[in-house]
Amino acid sequence: MLWVLGATVLIVLIAGIALQAAIARNGPAVLSTVDRIIGGDAGARLQATISTGKHPSQKLIVWGPAQRDPSDAALPVLLFAHGGSWRSGDPVDYGFLARAFVSKGFVVVLAGYRLHPDGVYPAMIEDTARAIAWAHDDIAQYGGDPDRIIIAGHSAGAYNVVMAALEQQWLGRKGLSPDDIAGVVGLSGPYDFYPFDSESTINAFGKATEPEATQPLAHIRGDAPPLLLIHGEKDDLVAVHNSRGLAKQIEAAGGAVETRYYPEMTHNDPLISLASPWRNRRDVDEQIAEFALSVSARSDTGRDQTSVPVQAEKR
């Protein structure tokens with residue numbers, strides 16, 4: 001009997017090691033596979049893959065409800081930019097995130113952008129703005145409401161969406177403004193990383209003629225769209241001071257910002273929390289959905305900064 005127990009423990013250990021190795025190679029793809037096996041399709045279906053430029057990474061993947069009547073009311077839109085240090089990542093691997101939020105009543109757009117060496121600053125922001133402009137112009141044909149777009153991202157993707165929301169020129173070049181965004185969600189985002197001292201930041205931003213201007217902290221505005229910043233306090237890749245500092249400055253400028261800091265989470269934990277089986281054990285998806293539904297409801301009647309109070313940290 002003991003040998004059976006020992007063999008079982010060994011098998012579980014080996015499986016765990018294999019899973020960790022697979023996650024290290026392409027974590028989002030593994031998460032999506034595990035999520036689909038455990039959670040099923042969650043009523044979500046991939047609707048379309050859209051090219052937004054000549055580069056293969058300039059693409060969008062649209063997810064929506066598998067069953068939907070054309071007469072149904074348009075749904076709020078969650079547009080998500082992936083992480084990967086601006087050098088890796090593919091929106092095709094984020095089906096788990098789409099399934100999580102389609103099941104909560106959203107149309108989800110997974111946005112790709114040019115990566116190093118083909119994409120260096122400001123390419124990642126230009127492509128994110130391009131994705132937002134596509135959603136604004138074309139998401140209605142997939143059941144999404146162009147007046148209720150929430151942009152979100154993890155890590156490098158969080159930087160992309162926050163910059164698109166704070167620095168007005170990027171959306172302005174597409175005939176839009178940050179007022180066309182209902183809200184912004186940043187997961188484990190880098191917002192204050194100059195001077196550049198890592199290979200990824202040097203590669204992506206090292207040739208910027210005004211390096212200080214690449215930082216979100218250089219574009220603080222009190223009239224920016226409402227933000228939700230989520231960060232793990234044990235993040236040793238992108239330190240939590242990035243979110244704390246951005247929230248503090250947005251608040252000082254009179255803007256609307258909410259924060260969620262998780263004491264035991266590391267850099268990828270907020271993202272992992274959006275996949276089954278972890279999704280049912282944590283509340284990250286609920287925090288995002290609650291925020292997104294709240295700000296998208298307000299966007300119907302115009303943004304009123306005084307009606308969106310700054311909220312204290314929640315642990």
Side-chain angles (χ1 to χ4, degrees), residues 79-86 111 113 119-132 149-174 176-198 200-232 235 237-261 267 270 291 295 305 308 310 313:
L79 184 148
F80 178 83
H82 64 80
S85 299
W86 303 286
Y113 51 95
V120 298
Y121 175 86
M124 66 285 285
I125 314 173
E126 292 172 338
D127 289 350
T128 300
R130 185 192 300 252
I132 296 167
I149 297 173
I150 299 92
I151 58 176
H154 172 250
S155 194
Y159 166 88
N160 296 0
V161 298
V162 167
M163 280 293 284
L166 292 183
E167 190 177 4
Q168 301 184 65
Q169 66 164 312
W170 307 113
L171 286 174
R173 296 179 183 186
K174 301 298 179 183
L176 301 175
S177 80
D179 288 339
D180 293 302
I181 299 169
V184 186
V185 180
L187 305 175
S188 309
Y191 314 118
D192 180 16
F193 53 92
Y194 180 75
F196 312 127
D197 58 3
S198 68
S200 62
T201 57
I202 291 170
N203 286 341
F205 299 93
K207 295 182 180 179
T209 56
E210 297 181 75
E212 295 91 343
T214 66
Q215 303 299 285
L217 293 185
H219 306 283
I220 298 298
R221 296 172 26 241
D223 61 347
L227 283 88
L228 170 63
L229 304 177
I230 295 175
H231 221 118
D235 190 337
L237 181 62
V238 177
V240 69
H241 77 75
N242 283 267
S243 289
R244 292 190 193 279
L246 180 61
K248 182 178 180 179
Q249 293 209 30
I250 291 288
E251 178 181 358
V257 58
E258 301 180 25
T259 57
R260 302 289 185 268
Y261 302 125
H267 183 67
F291 169 82
V295 297
Q305 292 294 329
V308 188
V310 174
E313 297 178 12

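Quick note: numbers below take in every heavy atom, side chains included, and nothing from hydrogens, waters or symmetry partners. Along the sequence shown, residues carry numbers from 1.
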Evaluate the side-chain contact (heavy atoms from CB on, under 4.5 Å) criterion for residues Leu228 and Arg260: first the C-alpha distance (whole Å), next the side-chain angles of each, then the deciding distance (0.1 Å), finally the verdict. CA-CA 8 Å; Leu228 170 63; Arg260 302 289 185 268; 3.9 Å; yes
Heavy-atom pair with the smallest gap, counting every atom of Ala158 and Tyr191: CB-OH, 3.7 Å
Atom CD of Gln168 and atom CG of Asp179: how far apart are they, to the nearest 0.5 Å? 7.5 Å
Close aromatic pair by centroid cut-off 6.0 Å: Phe193 and Phe205: yes
Shortest non-hydrogen pair, Ile132 vs Ala164, comes out as CD1-CB, 4.1 Å
Can you tell me how far apart OG (Ser155) and CG (Leu237) are? Round to the nearest 0.5 Å. 6.0 Å
Step by step, work out the side-chain contact (heavy atoms from CB on, under 4.5 Å) result for Val184 and Val162. CA-CA 7 Å; Val184 186; Val162 167; 4.1 Å; yes
What distance separates Ile151 CD1 from Leu79 CG, expressed to the nearest 0.5 Å? 7.5 Å
Separation between CD1 (Ile220) and CD (Gln215), nearest 0.5 Å, reads 11.0 Å
Please name the pair of heavy atoms, one in Gly84 and one in Ala156, separated by the smallest distance, quoted to 0.1 Å. N-CB, 4.2 Å
Find out whether Val161 and Thr128 are in side-chain contact, i.e. whether some heavy atom of one side chain is under 4.5 Å from a heavy atom of the other. yes
Is the centre of the Tyr113 ring less than 6.0 Å from the centre of the His82 ring? yes
Mind running side-chain contact (heavy atoms from CB on, under 4.5 Å) on Phe80 and His154 for me, showing each step along the way? CA-CA 8 Å; Phe80 178 83; His154 172 250; 3.8 Å; yes
As an exercise, state the distance from CD of Glu126 to OH of Tyr121, rounded to the nearest 0.5 Å. 9.0 Å
Could you go through the side-chain contact (heavy atoms from CB on, under 4.5 Å) check for Val257 and Leu246 one step at a time? CA-CA 9 Å; Val257 58; Leu246 180 61; over 6 Å; no
Between Tyr159 and Trp86, is the ring centre distance below 6.0 Å? yes
Side chain of Arg221, backbone of Leu166: donor and acceptor closer than 3.5 Å? yes
Taking every non-hydrogen atom, the tightest pair across Thr259 and Ala247: CG2-CB, 3.6 Å
Glu210 atom CD: more than 12 heavy-atom contacts under 6.0 Å: no
dist Trp170:CH2 -> Asn160:CG (nearest 0.5 Å) comes out at 11.5 Å
Test Asn242 against every option in Asp235, Asp192, Leu229 by the side chain to side chain contact (heavy atoms under 4.5 Å, CB included) rule and name the one that passes. Asp192
Which atoms form the tightest heavy-atom contact between Ser243 and Gly189, and what is the distance? OG-O, 4.5 Å
Can you confirm whether or not the ring centre of His241 sits under 6.0 Å from the ring centre of His231? no
Which heavy-atom pair separates Leu227 from Phe291 by the least distance, and what is that distance? C-CZ, 3.7 Å
Side-chain contact, heavy-atom cut-off 4.5 Å: Pro226 with Glu258? no
